[in-house]
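Everything below concerns the one structure shown next.
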Amino acid sequence: MAKKRIQHSKKKIGQIPGSIIYTGEKSNQKLFIEAFDYNKDKCIVKELLNVEECFNFEEGSITWININGLNHVNAIEKIGEHYELHPLVLEDIVNISQRPKIDEYDDYMFVVLKMLYYDANEKIISEQVSFILGKDYVLSFQESEGDVFDEVRERIKQAKGRVRSMEADYLLYILIDAIVDHYFSVIEVLGDKIEDFETAIFSGDVADDVSQNIQNLKREILRVRRAIFPLRDIINRIEKNENPLIQQKTITYYRDVYDHLIQVSENIDIYREMIWSLMDMYMTSISNKMNEVMKVLTIMASIFIPLTFIAGIYGMNFEYIPELNYKYSYFVLWGVMIAIFISMIIYFKRKKWL
Amino acid sequence: MAKKRIQHSKKKIGQIPGSIIYTGEKSNQKLFIEAFDYNKDKCIVKELLNVEECFNFEEGSITWININGLNHVNAIEKIGEHYELHPLVLEDIVNISQRPKIDEYDDYMFVVLKMLYYDANEKIISEQVSFILGKDYVLSFQESEGDVFDEVRERIKQAKGRVRSMEADYLLYILIDAIVDHYFSVIEVLGDKIEDFETAIFSGDVADDVSQNIQNLKREILRVRRAIFPLRDIINRIEKNENPLIQQKTITYYRDVYDHLIQVSENIDIYREMIWSLMDMYMTSISNKMNEVMKVLTIMASIFIPLTFIAGIYGMNFEYIPELNYKYSYFVLWGVMIAIFISMIIYFKRKKWL
Amino acid sequence: MAKKRIQHSKKKIGQIPGSIIYTGEKSNQKLFIEAFDYNKDKCIVKELLNVEECFNFEEGSITWININGLNHVNAIEKIGEHYELHPLVLEDIVNISQRPKIDEYDDYMFVVLKMLYYDANEKIISEQVSFILGKDYVLSFQESEGDVFDEVRERIKQAKGRVRSMEADYLLYILIDAIVDHYFSVIEVLGDKIEDFETAIFSGDVADDVSQNIQNLKREILRVRRAIFPLRDIINRIEKNENPLIQQKTITYYRDVYDHLIQVSENIDIYREMIWSLMDMYMTSISNKMNEVMKVLTIMASIFIPLTFIAGIYGMNFEYIPELNYKYSYFVLWGVMIAIFISMIIYFKRKKWL
Amino acid sequence: MAKKRIQHSKKKIGQIPGSIIYTGEKSNQKLFIEAFDYNKDKCIVKELLNVEECFNFEEGSITWININGLNHVNAIEKIGEHYELHPLVLEDIVNISQRPKIDEYDDYMFVVLKMLYYDANEKIISEQVSFILGKDYVLSFQESEGDVFDEVRERIKQAKGRVRSMEADYLLYILIDAIVDHYFSVIEVLGDKIEDFETAIFSGDVADDVSQNIQNLKREILRVRRAIFPLRDIINRIEKNENPLIQQKTITYYRDVYDHLIQVSENIDIYREMIWSLMDMYMTSISNKMNEVMKVLTIMASIFIPLTFIAGIYGMNFEYIPELNYKYSYFVLWGVMIAIFISMIIYFKRKKWL
Amino acid sequence: MAKKRIQHSKKKIGQIPGSIIYTGEKSNQKLFIEAFDYNKDKCIVKELLNVEECFNFEEGSITWININGLNHVNAIEKIGEHYELHPLVLEDIVNISQRPKIDEYDDYMFVVLKMLYYDANEKIISEQVSFILGKDYVLSFQESEGDVFDEVRERIKQAKGRVRSMEADYLLYILIDAIVDHYFSVIEVLGDKIEDFETAIFSGDVADDVSQNIQNLKREILRVRRAIFPLRDIINRIEKNENPLIQQKTITYYRDVYDHLIQVSENIDIYREMIWSLMDMYMTSISNKMNEVMKVLTIMASIFIPLTFIAGIYGMNFEYIPELNYKYSYFVLWGVMIAIFISMIIYFKRKKWL
């Protein structure tokens, strides 16, 4: 796991800066490009067959081109040329190990962020999504086609909400908002997992691998933190900076996303703290169990060792042991031993060991 | 519990930003609107039957409209239209999972905070209260009708204190102050709980679920922190910013609320630290107990095992064991065993195990 | 204890802001007012019989009025009226749960701080002292008459040091300095306590309540921190801000107080760290003891259990056990058992358990 | 190890500031100087035989002189004279215990950083590399000749990428970039090591020196942190400051290096956190093992001690023990003992100790 | 120890601010004053017999007066008068519990710092050194005559390095540099101590007082931190502020001292972290030992308790125990017991307890 996080870097060591090399694992992905061209009055949606089609859109409308399949480096390079993107931007788009960041260039703004979701094996997947925001277009780049933008597609097609009457900066906002919304469900699964552990530890019903699982959970949280925390600064910067690409009236919406991110971040920090407590709790439960084991041992040993000693005494073969000859000795001895037994029990009850 | 904190978000994922959807659980709440319209000379109080009545107040007086029942989304929307509130403000009012925050708009100020109280089951309830401060009005929105503002109502009606001769910003202040006052009682209950745990742990009289309870307490504190800490920044911002809605002479009062919040925050941090210590203490007490158990076992075993061995020796059936035939062997042996017993006891006393 | 710290707040919940209510426990305190009126040439000291006398001082001299007995709310209100103090200032003076703070008003400066001392039961007492610094007067408010200002009284009366030739801001400085000086002795007692614990833990001579005592010590340190740390910021603000009430030449003196506070704060932080280590140490000492107990048990059991087994063998009643009939079997057996005993001892010596 | 890190300082204590003394251990290193002199059109590469040759380069081209062998203090001093470097710069170049730093002088910029690699014994080596960036030259100083710049050499010679058409500031960038690229491989080895430990601890297959190894790993991470973290600030400063030596168009590239460093730093912090968890995990695994040992002991003792007691009873030599004379006593007793045995087993199964 | 750190303060409580009272313990120190008066061309060195001689130096040369023996308060007062030093400066010079600090006055700069060295008992000694930097003089004040400035003396006398051709600010620099150089050797001893502990703990060869020693080490580090960390800020302030007493060309040298201090601070922080780890390690080693003890006990008990039980069975005196009468019973039993023994050994081997 640790290995995977930095695996990609290997491929790139020693490369010329600005080399456009896909560093992910989905190298068989088909290229899928869809384009939305809309304004208040019209909305054209088409799936593009080749990259060149991207460039035939009219003035006076907002264009969203969604490119899926980062392994198709050539296509991305062509787009980069057409939109005059800096080589480092193209490099960052296909290098999927980017940290979320924002880079402002003269004519466009480049935003990288991470989409988070749980896969079928309950493992967190963090997929890189890059956006280019220009004057009247948004380009989005994903590793593979996902359903996170479905809602956005619907809104544009059916003119739901404000999207059709707003500019490209609002489009970027609803795209980011769709991703941030997904964080909430990831966070929720995390919360459920922590709760399950808590219940398990409190009920004493812990599997052997509980500490391994806690460690894994810690790592998941680190991962999510790493995807989400830098995004906070990015949105804050969009909101604060006076980039002409972002209009005054859209800023309120970015502030709203920012509020959501703060909420998510707080939840993550709470989970973090809770998981550290879990480990403590687990340690305590181990100690408690050992305590219980010790008590059973102590009680058994403390009761029977003295009794065995007494029995041993009268098993000796001395010629002259007066007690041996009295008729009721045996029964008296039983009485004594039962008395010892009972007083031991009382003693342990008082100590609350029973 | 963890689940609940983010439950609402589910409902909202994929919604159009600005959708006004109530995310709480009190969906059967009756709508209750009360209005206060006052100035130095007069004070009109009425319960409003429908939303439209809210809008018929004269100039030259301060109006406070208190809306209870966030499930009545339509009513809130109407109020929003009348007072020209931004759609995101309305969304935030009914989305009860807001973090305390302040948003300043051109004509009004929007403040969200959390009211805290313990319910009948000693569980902390955190209820969202939103305020809109306009030039000569304050709107307040609550999930359900509570008694936290009773004192404020009295003061307005009976012209106690300065409220009738001050502006709307002072009204907002006493409303916030009423909520902050409640924090003190929550904090007090928390303090009592921690003290009870401490007493329990020190007296060794710990229930089995003590670590679960400590964990719950930690979470309560996290919750309270989360409600109170952002409020500090909000009040600080009100005090520092030069928003024309807040007059110079009222700022001293906000500074006073700020001081109270710092006091509460400090107490919370102290409790936090105390509760971490509690866990340590509990661990220590477990270790101490195990130590005690071990000592009993060691003492019993150390005393009787050698004695049993001696008894075993003279239980052997060798044909020639000279000691067996001496008349007083048995009594001498008892002497030896008692001597061993006593020297053991002395040894353990010296080691302070007894 | 935890309860006490916030007890007062209860009394005040729901009160009108600016209500002047004494929140302390010393409600039977006699009102004691003393006044110093001095300049380079003269010094008048008198005990005042009623509040009105406070107001009859001439121009051209510095006046220090020291009011003891915060339960006499009326007297304080009268003083407040005369000196035109803000209602919130009066409220803060008698509300003894203030956090140390400074509030600057147009004509005067309001400073709240905490006097710390150990009472007869070695418990830390934190008493609130408030100062009003005006153009040519200083008012000081205390719960009860103390001796912390004795040295200051002497200096004024006998014209020791610079005090008689300086302004009111210097008077405020020496009053604060007197309180800060006392912090050093509190810190010293704390240091002694920690050292005593250390010695106790290292010598293994720990009472049963050591973890409770460590917890109490932690709380004392939290308390002292809470009184002293905000004061640092206050003095820093006096030194940095250009309040006309503080003259340039006095600032050097405030910087000196600031240096002292930094020294005290550093000591507190060191103590804090030391006390956390103490707890670790205590845990280690418990573990070490358990280790020792275990060793004794293990040695006793490991030596005698095999020997007892051997004795058991020859206690069996089989008809044909050849060894039983040899004449020297018994002595040979003793030899074997002693050999086992000695080799066990050597084994444990090698393991350094003996 | 700890000793080595500060060993050099000894040599220097009491030296006159500005004394140029090599503090490393590679004192037999041969001096090796290579020079690249290139522009768009040409590229001259030569190995220089003596220092003086360094100074014969024409205008209008970029010169990179790479000096290997810091023990040749005289040569470095001559270079320093020629390029008019400050004596403290020369001192820092040969004092290999520098912290990464940047010093800006009037005509040149001095950058110190650390190259990290694992040697044959899997030990991290941190070697100091210094750069002087002038208007049209870059000087680089290394302890010994390495292969980290091989890729850069190739690019210059074969005019790959942009390097031949850019200025000296771009050359400095690709040199630094080559070093930062190496950090990724170091980080990767660290990640692998941590993972190996995790696997070992989880599988319970821990060598005796695991805690020593964890401690060593911690130290390695501290070391790497120490080399990398200050570099972040350095690159940030290059990017932010408006030093005329760095052109506007190159800044984007430095920002890219900065992004890489942030990525590395984040990984380091994650590893740090993971390694602290590892220690916890190891403690838990020890406790778990002790628990298991205790259980075996408790089960054996609890089952056989009572049985042994019963056997002891009927080994007594009382004259009158009625049970001894019944014919089937022996078999009945076996039945009783087997019953006790079975019920014990059931009891322990229920407790989940078996 | 803790006591000592604040002992002095006792002496001073209640004193008039500006009272010049020596708070150290070296009250029998002889007063020793040496003066250096030099410029490029000449250098006069003399030991002064009384304070008045200090004041007879010509213009046009740099004067360094080194005063040893802070107990000679009168002499210091006379110097203070001559150089017109503020009373608080004189108070700080003789109050040896100052925190390192810098105070800038109109005509001079006052710097307090701590010299650190290990005394004969391997105990850290922290001695206060104060400097006054004037336009063409430096005054230095020490508790007792030391050898830390020997190198500086040599350099001035023999005109080594730049000192004779530079101003007073450079002299102050080399004096401070001499002290900072000493920090490196203190740090080195600390590093060695930590390493020794590590080796001891890893080899399992820990003395009984190891946790006490670790605690002492922690305190030493706290002490060193406390002396060195504030100095960083002081040097930084000298470097950043534009005090006319510090010339532009000297600032590079102060930056060099600053770099050294950062290096020392980093080492201290690393040691701090390492020592916290040491404690963890020690705890782990205790747990490991207990584990080992437990294993021996468990193995011995588990093997011999069942065997003893079997022997007990055939020691019973039942009239009818069929096995007793078979001739080879005894040998068969031995076979059974050896089989049990061997299978136990195999079991424990498999569990890796042997």
Side-chain angles (χ1 to χ4, degrees), chain A residues 150-151 155 160-163 173-174 177-178 181-182 184-185 187-188 191-192 194-195 198 202 252-253 255-256 259 262-263 266-267 270-271 273-274 277-278 280-281 283-285 287-288 290-291 294-295 297-298 301-302 305-306 308-309 311-313 315-322 351 353, chain B residues 1-3 5-7 9-10 12-19 86 88 91-92 97-99 101 103 208-209 211-212 215 218-219 222 226 279 282-283 286-287 289-290 292-294 296-297 300-301 304-305 307-308 310-317 321 323-330 333:
Chain A
D150 274 359
E151 181 63 33
R155 272 192 241 162
K160 279 202 286 188
R162 282 168 204 79
V163 61
Y173 151 68
I174 58 172
D177 194 50
D181 262 11
H182 258 253
F184 279 99
S185 40
I187 280 297
E188 192 171 3
D192 289 358
I194 291 175
E195 224 166 305
E198 253 184 39
F202 287 147
T252 312
Y253 292 96
R255 202 164 56 199
D256 198 54
D259 285 349
I262 294 287
Q263 249 174 278
E266 271 192 347
N267 272 316
I270 287 175
Y271 290 164
E273 198 153 319
M274 276 163 73
S277 297
L278 272 191
D280 269 19
M281 226 128 268
M283 292 290 280
T284 311
S285 84
S287 290
N288 269 328
M290 203 178 316
N291 227 340
M294 289 301 305
K295 275 184 202 164
L297 175 59
T298 304
S302 299
I305 284 180
T308 303
F309 163 67
I313 287 290
M316 292 192 296
N317 298 320
F318 285 112
E319 254 173 31
Y320 184 62
I321 304 185
K351 286 210 164 249
W353 295 3
Chain B
M1 205 117 101
K3 236 174 291 181
R5 245 175 281 148
I6 45 170
Q7 195 179 48
S9 0
K10 240 183 195 163
K12 289 217 48 184
I13 291 178
Q15 289 299 330
I16 301 173
S19 326
H86 195 282
L88 284 176
E91 187 188 350
D92 288 349
S97 64
Q98 289 306 310
R99 202 174 167 264
K101 68 169 182 176
D103 280 346
D208 277 357
D209 55 355
S211 81
Q212 184 162 14
Q215 179 79 335
K218 265 189 206 167
R219 248 193 241 172
L222 280 175
R226 223 178 145 203
M279 202 65 206
Y282 178 54
M283 292 290 280
I286 292 177
S287 290
K289 265 189 209 161
M290 203 177 316
E292 202 193 354
V293 173
M294 288 302 306
V296 169
L297 175 59
M300 292 306 280
F304 286 104
I305 284 180
L307 298 186
T308 304
I310 292 172
I313 287 292
Y314 295 104
M316 293 192 295
N317 298 320
I321 305 185
E323 297 95 313
L324 294 182
N325 305 313
Y326 302 121
K327 196 166 181 192
Y328 301 108
S329 288
Y330 178 59
L333 194 79

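This one's a predicted model, so the numbers in the text were calculated from it and none came from an experiment. The figures that follow rest on heavy atoms only: side chains count, while hydrogens, waters and symmetry mates do not. Throughout, a chain's letter reflects where its sequence line sits, starting with A, and its residues are numbered from 1.
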If one checks every heavy atom of K327(B) against chain A at 4.5 Å, the contacting part turns out to be both
Could K218(B) and E273(A) be called an ion pair, given the rule that one side-chain N must be under 4.0 Å from one carboxylate O?
no
Greatest number of non-hydrogen atom pairs under 4.5 angstrom with chain A, of L222(B), V296(B), I305(B), I310(B), falls to V296(B)
Highest number of heavy-atom pairs under 4.5 Å with chain B among R255(A), M290(A), K295(A) belongs to R255(A)
Comparing S302(A), G315(A), A301(A) against chain B, the one with the most heavy-atom pairs below 4.5 Å turns out to be S302(A)
Comparing I313(B), N325(B), I321(B) against chain A, the one with the most heavy-atom pairs below 4.5 Å turns out to be N325(B)
When the 4.5 angstrom heavy-atom criterion is applied to I194(A) and chain B, the contacting part is neither
Correct closest heavy-atom pair for L88(B) and E91(B) would be CD2-OE1, 3.2 Å
d(E198(A) CD, Q215(B) CD) to nearest 0.5 Å is 4.5 Å
Interatomic distance, CD@E292(B) vs NZ@K351(A), rounded to 0.5 Å, equals 3.5 Å
Separation between CG (D280(A)) and OG (S285(A)), nearest 0.5 Å, reads 11.0 Å
Worksheet entry | Any Y253(A) side-chain heavy atom under 4.5 Å of D177(A) side chain | no
So, the part of N317(A) with a heavy atom under 4.5 Å from chain B: the answer is both
Review point. Considering only heavy atoms from C-beta outward, does the side chain of T284(A) approach that of M279(B) to under 4.5 Å?
Key: yes
Pair count under 4.5 Å, heavy atoms only, with chain B: among A311(A), P322(A), P306(A), G312(A), highest is P306(A)
Cut-off 4.5 Å, heavy atoms of chain B, and the answer for D259(A) is side chain
